[in-house]
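These notes concern the structure reproduced below.
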Amino acid sequence: MPSPAGNELSFLDPAIVTRLGSLELIARTVVEGVLVGLHRSPFQGFSVEFSEYRQYLPGDAPSTIDWKLFARSDRYYVKKFEEETNLECHLLLDVSASMGYGSQAVSKLHYGAFLAASLAYLMHRQRDGVGLTLFDDRVVESVPIGTRSGHLRGLLATLSRAVVGSRSDVSLPLNQLAGRMTRRGLVVLISDLFDEPSAVIDGLKHLRFQGSEVLVFHTLDPAELTFPFEHAARFEDLETGEEVLAVPARVREHYLAQIRALMERYRRELRLADIDYHLVDTGNPLDTALLAYLAARGRRW
Amino acid sequence: MFGFSFLFPAFLIGCLAAAVPIVLHLMRRERLPRVRFSAIRFLRGAPVEQTRRRRLRELLLLALRVAALLLLAFAFARPFFSDAEAPDRAATVVLVDTSFSMSAPGQAERARAQALEAIAAAPDGHLVGVVAFDDTARVVADLASSRARARAAVDGLAPGVHGTRYREGLAAASRLIGARDGRIVVVTDLQASGWEEGEGAISPQIDVAISDVAPPTGNLAVVSIEPESGATVAVLFQAGASAGEIQVALAVDGDLLSEVEVTPEPGRSTVRFPEVLPATGVATVSVDDPIGYPPDDRRYRLLDPQPPVPVLVVTTDVRVEAPVLYLERALAAGEDAGPFSVERVAAEDVAVRPESLERARAVVLMGARGLDGRGRDRLATFVRGGGGLLLVAGPRLEPALVTDLFDGNNGPQLGLGATVVHDEPVALTPTDLRHPVIAGFGNLVGTLGRARFTRTLAMTVVDPDGADAGLVIARFEDGSPALVEHVVGEGRVLVFASDLENVWNDFPRRPAFVPFLHETVGYLTSHRAQPREFVVGAAPPGAPDALGAFTLADGAGRAVLNVEPRESDPTSLAPEEFEASVSRLALAAGRETRDEAGEREAGQGLWRYVLMLMALVLVAEGLLGRRAA
């Protein structure tokens with residue numbers, strides 16, 4: 001898969017992107033930047049449906065000729081297609097307190113919001129329906145599926161209002177969404193998944209068994225991935241307020257093993273359930289996550 | 001019920017040091033930064049400190065450190081349990097004087113009446129007790145709510161023959177009251193001499209009231225009986241008003257010898273009886289004093305001669321009489337049996353016949369051959385215990401055997417040297433005329449110089465270190481020491497630098513020989529002389545509590561017991577003076593209380609247990625701190 005040029009990469013750095021201000025501008029900048037770098041659109045032929053036949057005219061692509069009809073009528077007809085939306089995308093953004101953590105300029109919540117905005121913009125650009133759900137241990141705010149341009153602005157406004165909440169319960173919105181969905185669609189979960197893994201995985205499987213495509217962006221801060229602390233400190237949990245006195249040099253190995261085990265578990269079990277899992281490091285440019293999404297879509301369609 | 005006190009409570013200020021670990025704990029606690037983090041759950045199971053557990057551990061550590069410092073301060077403050085009963089009810093103690101100065105006609109009855117009044121006047125709710133005192137104190141009715149026991153005890157009180165010591169009585173009453181609030185009512189004649197002796201103190205919080213039993217207007221006492229040539233003299237003491245002409249009687253063993261009529265002058269006066277006292281018996285001089293104290297109306301004097309003083313003569317061979325002939329005869333010389341009884345023992349038997357040494361009051365060491373180590377040790381112990389030793393440095397004494405008799409016991413080196421042969425005989429010259437041995441000769445001291453000495457033993461009186469090695473009492477004409485005294489422990493050693501057997505000199509054949517030996521051995525035995533006249537309060541153990549003659553223990557003969565002469569003076573203090581003396585006693589109480597507390601604390605030794613507890617606390621702190629690190 002082609003990569004965007006270096007300039008674009010630096011422009012898509014989260015710390016720089018966040019200075020752009022509005023989410024719409026951010027989303028457009030990210031998506032256009034990514035698409036410009038692609039040699040071939042993975043969306044060719046996607047989202048079009050047969051409308052009527054017409055007489056073959058010179059210049060038409062031979063591949064469009066309906067050979068079965070030619071066999072019956074001995075005339076050349078070509079298929080006429082009509083574009084229409086056949087995909088509903090549900091964006092689930094975790095706004096629990098742990099998502100408020102950020103060791104650098106951008107917190108996980110902000111990064112997730114950028115990512116969700118970019119995906120929404122991309123969907124809207126393809127005329128797919130897109131909805132949004134913000135949740136922590138309950139559904140904080142929800143934007144139903146829509147395709148209109150005004151809908152996108154409303155969705156982005158909801159995203160911009162997102163603030164960190166309390167403890168997270170990922171399984172709750174998944175189960176609610178599974179009960180609400182009437183059509184197959186795409187479900188995108190953006191979360192740090194600091195919840196009971198079995199509950200999260202069960203919820204995702206539920207959606208997948210209903211026929212929806214499920215994509216998980218496991219969003220983690222670089223500090224959560226490397227535990228770079230040096231001095232002994234009292235570590236206070238963002239969600240529970242629990243305090244732990246630790247000397248980082250003594251606990252780092254254990255911590256990294258634990259978080260690697262968590263990621264590995266999600267990766268393994270979600271793959272078995274045919275669910276796309278992507279680890280998102282909020283220290284990396286936003287297009288990395290977006291390209292991961294596009295690659296996943298390319299594999300499926 | 002026990003109280004808890006400290007011997008040095010000022011050290012408790014060290015408890016402030018307990019603030020140091022608290023401050024350090026608080027300062028150190030603030031230094032650890034707080035980091036808000038999202039993935040605390042992955043630290044679970046890691047070797048981390050759960051804050052709550054660590055806080056608990058830190059608090060425990062802090063408590064242990066504070067406890068260690070507090071215990072250290074406690075240990076320095078020297079805690080102890082005081083067995084004083086917790087004050088519950090106040091008490092009144094009636095302190096009744098039963099000395100013989102309360103024995104004048106009508107005085108005892110007044111004292112009992114006043115004591116009963118004091119009991120009746122005790123405030124409601126007070127416990128009441130009765131203490132009787134003279135030169136000692138006795139609790140005759142312990143503290144009780146009921147007054148009946150106290151009244152019964154007072155009814156049984158009567159003056160005795162003892163003197164007055166207020167301190168003893170007040171201290172006993174104070175001890176009876178203990179830590180309570182209370183008051184002491186002293187029923188006494190306020191006799192001035194009662195403050196002269198005695199020990200004790202009273203608690204400062206105790207009030208002392210006086211119930212004055214008026215002394216007699218005068219008192220006549222017999223103070224002493226002295227024999228004089230052809231007569232007997234009695235000394236009388238008249239205090240205050242005289243009763244006029246009185247009869248003074250002299251009797252021996254109850255038989256009246258003489259009686260004279262006198263009108264005593266104020267103060268001391270003498271009464272001469274024309275009779276000579278016999279050699280044995282108990283002489284008594286008595287007066288008829290109708291207004292004074294009866295016990296001092298009679299004085300006793302023992303006429304029995306002193307029993308011979310046992311002297312042990314140590315010689316080389318007890319079967320050979322020649323070496324000790326002159327010595328024994330000289331010691332036995334005198335009226336009747338003589339002042340000394342001599343026992344002869346061989347040098348080699350000194351160790352195996354310890355009873356001879358125990359009986360003797362002095363030892364004359366004529367020969368040392370055969371004196372073994374145990375015998376030398378027994379002799380040294382005998383001298384240190386107060387015995388006398390005359391060391392005769394004649395031909396039978398081997399200086400090497402006795403030179404270091406006291407060596408190894410921080411005693412003197414006797415400094416005996418070689419025999420000196422004088423071509424021209426030398427005479428003895430006293431050098432310390434005030435020494436009792438020489439002073440006894442009086443004007444006849446010159447007789448000592450008539451003896452001629454042809455051989456003597458060289459003696460050094462200053463050892464090589466320059467230390468004084470003895471007191472030279474007499475020298476020979478050539479200047480060499482002849483008689484030297486050493487003080488060893490409680491006893492004395494006299495070293496005579498020639499013989500006493502008419503071999504090295506002709507001293508035994510000279511007139512001064514017998515008195516010289518009597519004075520010398522008498523001087524050595526005087527430190528162990530048994531007194532035979534006592535006053536009440538200073539009588540030996542086992543003496544009866546009655547005036548007159550009694551038999552001494554261990555068959556040491558008879559002795560007589562008289563009243564204390566100072567008790568015969570009825571001069572009394574003004575109540576204000578008495579109260580001032582009580583105040584001084586109360587001031588002294590603080591010091592005495594501290595002394596008692598010190599003894600109690602030393603007996604209990606709680607500080608050791610406190611320090612051990614502190615050590616345990618520190619060990620626990622070390623273990624816990626190691627785990628926390």
Side-chain angles (χ1 to χ4, degrees), chain A residues 94 96-103 107-109 164 167-168 191-197 218-263 265 282, chain B residues 17-71 614 616-629:
Chain A
D94 184 355
S96 65
S98 62
M99 287 293 284
Y101 180 72
S103 62
S107 70
K108 290 189 288 183
L109 179 61
V164 290
R167 306 180 68 153
S168 67
S191 169
D192 56 11
L193 302 179
F194 287 165
D195 198 354
E196 179 52 41
H218 191 181
T219 310
L220 293 174
D221 188 88
E224 292 171 336
L225 290 166
T226 58
F227 202 70
F229 307 103
E230 293 181 355
H231 303 292
R234 289 185 296 145
F235 291 90
E236 180 184 356
D237 192 88
L238 289 172
E239 291 190 358
T240 63
E242 177 189 7
E243 275 194 11
V244 169
L245 260 179
V247 180
R250 295 184 61 190
V251 302
R252 183 174 293 113
E253 191 177 340
H254 175 86
Y255 173 86
L256 293 178
Q258 291 284 310
I259 199 155
R260 278 194 209 111
L262 180 77
M263 293 186 298
R265 181 178 177 185
T282 60
Chain B
V20 173
I22 295 174
V23 170
L24 288 177
H25 171 82
L26 293 175
M27 287 171 64
R28 189 165 172 269
R29 188 182 170 200
E30 290 306 314
R31 277 192 201 137
L32 270 185
R34 177 185 295 184
V35 175
R36 290 168 65 79
F37 193 55
S38 53
I40 297 299
R41 69 187 66 198
F42 302 117
L43 293 175
R44 292 193 190 116
V48 299
E49 296 282 358
Q50 295 298 328
T51 304
R52 192 172 298 168
R53 191 181 304 167
R54 182 181 177 95
R55 194 166 293 163
L56 188 65
R57 187 152 51 203
E58 284 182 350
L59 285 176
L60 193 55
L61 272 174
L62 176 66
L64 288 172
R65 287 164 186 162
V66 168
L69 286 170
L70 291 177
L71 287 171
M614 188 198 76
L616 289 176
V617 167
L618 286 179
V619 167
E621 190 272 345
L623 292 174
L624 196 62
R626 202 171 162 188
R627 264 189 82 186

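Within every chain, numbering begins at 1; the chains are lettered A, B, ... in the order of the sequence lines, protein sequences first and strands thereafter.
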Counting only heavy atoms not in A:Arg167, do more than 12 sit closer than 6.0 Å to its CZ atom?
no
Hey, which of A:His254, A:Glu224, A:Gln258 is the one that makes side chain to side chain contact (heavy atoms under 4.5 Å, CB included) with B:Phe42?
A:Gln258
If the condition is ring-ring contact (aromatic ring centres under 6.0 Å, His included), which residues does A:Tyr101 pass it with, not counting sequence neighbours?
B:Phe37
Sort A:Leu220 into side chain, backbone, both or neither according to what part of it lies under 4.5 angstrom from a heavy atom of chain B.
neither
Of all heavy-atom pairs between A:Glu242 and B:Ile40, which one has the smallest distance, and what is that distance?
OE1-CG2, 3.9 Å
Minimum-distance pair of heavy atoms, taken over all atoms of A:Asp237 and B:Ser38:
OD1-O, 3.9 Å
Around atom CD of A:Glu253, are there more than 12 heavy atoms of other residues, nucleotides or ligands at under 6.0 Å?
no
Euclidean distance, B:Arg34 CZ relative to A:Arg234 CZ, rounded to 0.5 Å:
5.0 Å
From the list A:Ala233, A:Ala257, A:Ala261, the residue making the most non-hydrogen contacts under 4.5 Å with chain B is A:Ala233
